[in-house]
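One structure is given here, and the rest of the page talks about it.
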Amino acid sequence: MPPLTPARTKYRKTHKGRMRGNAKGGSTISFGDYAVQALGRGYFTGNQIEAARVAITRHMKRKGKLWIRVFPHKPITKKPLETRMGKGKGPVDHYVAVVKPGAILFELAGVPLGVAKEAMRLADTKIPFKTRFITREHE
């Protein structure tokens, strides 16, 4: 299965942009009882999101429900190896989700606290920045 990519985009390539500031929205638990919240900032690639999702669902043994609250909309371009400088921007290599501190990445419901905590711990090893486990009461 290919990594997560947008079905269609308005523009093929985007500017790099900046990642300063905290998450503007999506920083509270909306669907489940437990969640993983980003404490750091960075790019979360489609492959990393998929790896974390697989780790969570495997541990839960396909019980409960999982919500993925991030999606890789931002295209990252890369020039071929051993290419001279210039000649324009390279082709799109992969897509990433821009994650800022406070953003909820995954939500879970329908499993006991211990199972959810362990599933999220396994997912945390696949995430490229610091995160924390939160519950609905914790908000």
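It should be emphasised that the depicted structure is a prediction, and the values quoted were computed from it without experimental measurement.
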Inter-residue atom distance [X].[atom1] - [Y].[atom2], 0.5 Å rounding:
{"X": "K89", "Y": "T14", "atom1": "NZ", "atom2": "OG1", "value": "6.0 Å"}
{"X": "Q37", "Y": "K130", "atom1": "CD", "atom2": "NZ", "value": "14.0 Å"}
{"X": "H73", "Y": "L4", "atom1": "NE2", "atom2": "CG", "value": "10.0 Å"}
{"X": "D124", "Y": "K117", "atom1": "CG", "atom2": "NZ", "value": "13.0 Å"}
{"X": "R41", "Y": "N22", "atom1": "CZ", "atom2": "CG", "value": "6.5 Å"}
{"X": "Y95", "Y": "N47", "atom1": "OH", "atom2": "CG", "value": "13.5 Å"}

Non-hydrogen atoms of [X] and [Y] that approach each other most closely:
{"X": "F44", "Y": "P128", "value": "CD1-CD, 3.8 Å"}
{"X": "A23", "Y": "G102", "value": "CB-C, 4.0 Å"}
{"X": "A109", "Y": "G32", "value": "CB-CA, 3.8 Å"}
{"X": "M120", "Y": "I56", "value": "SD-CD1, 3.9 Å"}
{"X": "P101", "Y": "G21", "value": "CD-O, 3.7 Å"}

Name each donor-acceptor pair under 3.5 Å that joins a side chain in residues 74-85 to protein atoms two or more places apart or in another chain, with its distance.
from: K74; atom 1: NZ; to: H15; atom 2: O; distance (Å): 2.9
from: K74; atom 1: NZ; to: K16; atom 2: O; distance (Å): 3.0
from: K79; atom 1: NZ; to: G86; atom 2: O; distance (Å): 2.3
from: K79; atom 1: NZ; to: G88; atom 2: O; distance (Å): 2.8
from: T83; atom 1: OG1; to: P80; atom 2: O; distance (Å): 2.7

I'd like to know if [Y] and [X] are part of one continuous hydrophobic network [Ile/Leu/Val/Met/Phe/Trp/Tyr, side-chain heavy atoms within less than 4.5 Å].
{"X": "L39", "Y": "F129", "answer": "no"}
{"X": "V111", "Y": "L113", "answer": "yes"}
{"X": "I127", "Y": "V96", "answer": "no"}
{"X": "L108", "Y": "V115", "answer": "yes"}
{"X": "L122", "Y": "V36", "answer": "no"}

**OP:** Could you label the plane-to-plane angle of the F133 and Y34 rings as parallel, tilted or perpendicular, counting under 30° as parallel and over 60° as perpendicular?
**Re:**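 Parallel.
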Original post:
If only atom types and distance count, is the side chain of K13 paired as donor or acceptor with the main-chain N or O of G90 below 3.5 Å?
Top reply: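 Present.
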Original post:
Tell me, do Y43 and V99 make a side-chain contact under 4.5 Å, heavy atoms counted?
Top reply: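 With C-beta onward as the side chain, the pair stays apart.
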Original post:
Is there a side-chain contact between T131 and F106 (heavy atoms, below 4.5 Å)?
Top reply: no
Original post:
Who passes side-chain hydrogen bond (donor to acceptor under 3.5 Å, both in side chains) against D33, sequence neighbours left out?
Top reply: none
Under 3.5 Å, which donor-acceptor pairs do the side chains of residues 59-69 form with other protein atoms, sequence neighbours left out?
from: R69; atom 1: NH1; to: T28; atom 2: O; distance (Å): 3.4
from: R69; atom 1: NH1; to: E107; atom 2: OE2; distance (Å): 2.2

